[in-house]
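Here is the structure we will look at, set down as structure tokens.
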2 protein chains.
Amino acid sequence: MDKEKLTYIEETGLVFEQLGMTRMAGRVFGFLAVSDKEEASFDDIREGLNASKGSISGTAKQLKNAGLIEPVSLPGDRKTYYRISKMEVGNILRARLTLFKTFSDNLEKGLILREKNDEIAGWLREVSAFYSWVGDKISDVISTWETEKKNIIKEKNPHEKIRHT
Amino acid sequence: MDKEKLTYIEETGLVFEQLGMTRMAGRVFGFLAVSDKEEASFDDIREGLNASKGSISGTAKQLKNAGLIEPVSLPGDRKTYYRISKMEVGNILRARLTLFKTFSDNLEKGLILREKNDEIAGWLREVSAFYSWVGDKISDVISTWETEKKNIIKEKNPHEKIRHT
DNA sequence: TCATTAGTTCATTTTAGATTGAACTTAATG
DNA sequence: CATTAAGTTCAATCTAAAATGAACTAATGA
């Protein structure tokens, strides 16, 4: 695999770290994204990333649970292959929205314990309301994407040439 | 400080950890949220949380940079006090939206390096478009909150009693 | 000016989490 | 039924980030 791709894979590792996943998860995803094969075997990945079997095993499970990759098995071949999953993209983000609710609930609990009903309490109430509200709104936005995505993508690139492959 | 509050403070630490900040940042925020004083001194916090000066110093800086708390100084008192900041809540979330752009850009870069223009490539293009689009939409949602929050809160609790303090 | 107090800095220690690697399980094949 | 190959599991190791605590700086005021 060429140097540019390897650099990209490492960058993807750092991006995934920012997103709260492990660096290795980003590497595996990045590897599959730029791999010249449709899907890569467990061992292709392990070799390509110079990692241990244990690490690949755990990371593959992590990415599978997150819905980002999926295993593929082929008849007459005992190996497991992996490829990037075509799972609905909105669901990946939706799963993260629980954090908004968690934060909002945490603030509510704090407000009950707080003795003073002062300016700060008012502000905390507002922050809690915001996160609760914005979580719902983002969920709506995701739904809009799901029903309208074809039109949205068209609007974004109205003059895009049709690709002949 | 009573046991319930201490439990709450620890919980808040865990919530903040989920949000990508440190546990101690959550503790400090939680402490200020349930403190019976309007603002707490550096040393109130340090004692309340049984932490070192160094830790409080670093954490206070972190929370100040994030816009979650603000220092207060009083005339004739050399101590620094902290209280929860009334910064616009939308900005805290907006700061996180750069991640969406980062992820979208990362995917675009991967698409350039990818040799096959297959189904997976199409999907990656869609994921990238989604994160770019949804980031903008969330920004719009935040703007809506900022201009409409009074109405939004009213709609949520239409029969709320007016509080006489 | 000197003593005291408040907070910062940073080298060291601690802790949590990621990675390894060897032993193990499972399943296919001769 | 033994052999081999593919993955998984988990205890040990490694790494990076967080917390400590002692030395330091800055600022007040006796």
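No experiment lies behind these values; they were computed from the predicted model shown. The chains referred to below are lettered A, B, ... by the order of the sequence lines, with proteins before strands, and numbering in each begins at 1.
- Dashed line: the shortest gap from a side-chain N or O of B:T22 to OP1 or OP2 of D:dA18 is not under 4.0 Å.
- Checking C:dT20, D:dA19, D:dT8 against every side-chain atom of A:M24, the shortest atom distance belongs to C:dT20.
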Verdict with reasoning, A:K149 to B:E126, per salt bridge (charged side-chain N to carboxylate O under 4.0 Å, His left out): CA-CA 9 Å; A:K149 69 181 168 194; B:E126 191 179 311; 2.9 Å; yes

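- Comparing A:S55 and A:G76 against DNA chain C, the residue whose closest nucleotide sits nearer the 5' end is A:S55.
- Between the side chain of A:R78 and the base of D:dA5, at least one donor-acceptor pair of N or O atoms lies under 3.5 Å.
- When the C1' atom of C:dA16 is taken as reference, atom CD of B:E17 falls 9 Å away, rounded to whole Å.
- Taking 4.0 angstrom as the limit, A:K61 places a side-chain polar atom (N or O) nearer than this to OP1 or OP2 of D:dT9.
- Residue B:G54 is the one, among A:K53 and B:G54, whose nearest nucleotide of DNA chain C lies closer to the 5' end (criterion: closest heavy atom).
- As judged by a 4.0 angstrom heavy-atom cut-off over every strand, A:A60 is placed among residues making no nucleic acid contact.
- B:S139 is listed as a side-chain neighbour of B:L97, based on a closest heavy-atom distance under 4.5 Å.
- Other residues, nucleotides and ligands contribute at most 12 non-hydrogen atoms within 6.0 Å of the CD atom of B:E119.
- For the pair A:I56 and A:R23, both in contact range of DNA chain D, the more 5′-proximal nearest nucleotide belongs to A:I56.
- A 4.5 Å side-chain heavy-atom check between A:Y131 and A:V127 finds at least one atom pair inside the cut-off.
- Listed pair A:S52 / C:dG21 fails the phosphate criterion, with no side-chain N or O lying under 4.0 Å from OP1 or OP2.
- Atom CG in B:D43 sits roughly 12 Å away from atom P in C:dT8 (whole-Å rounding).
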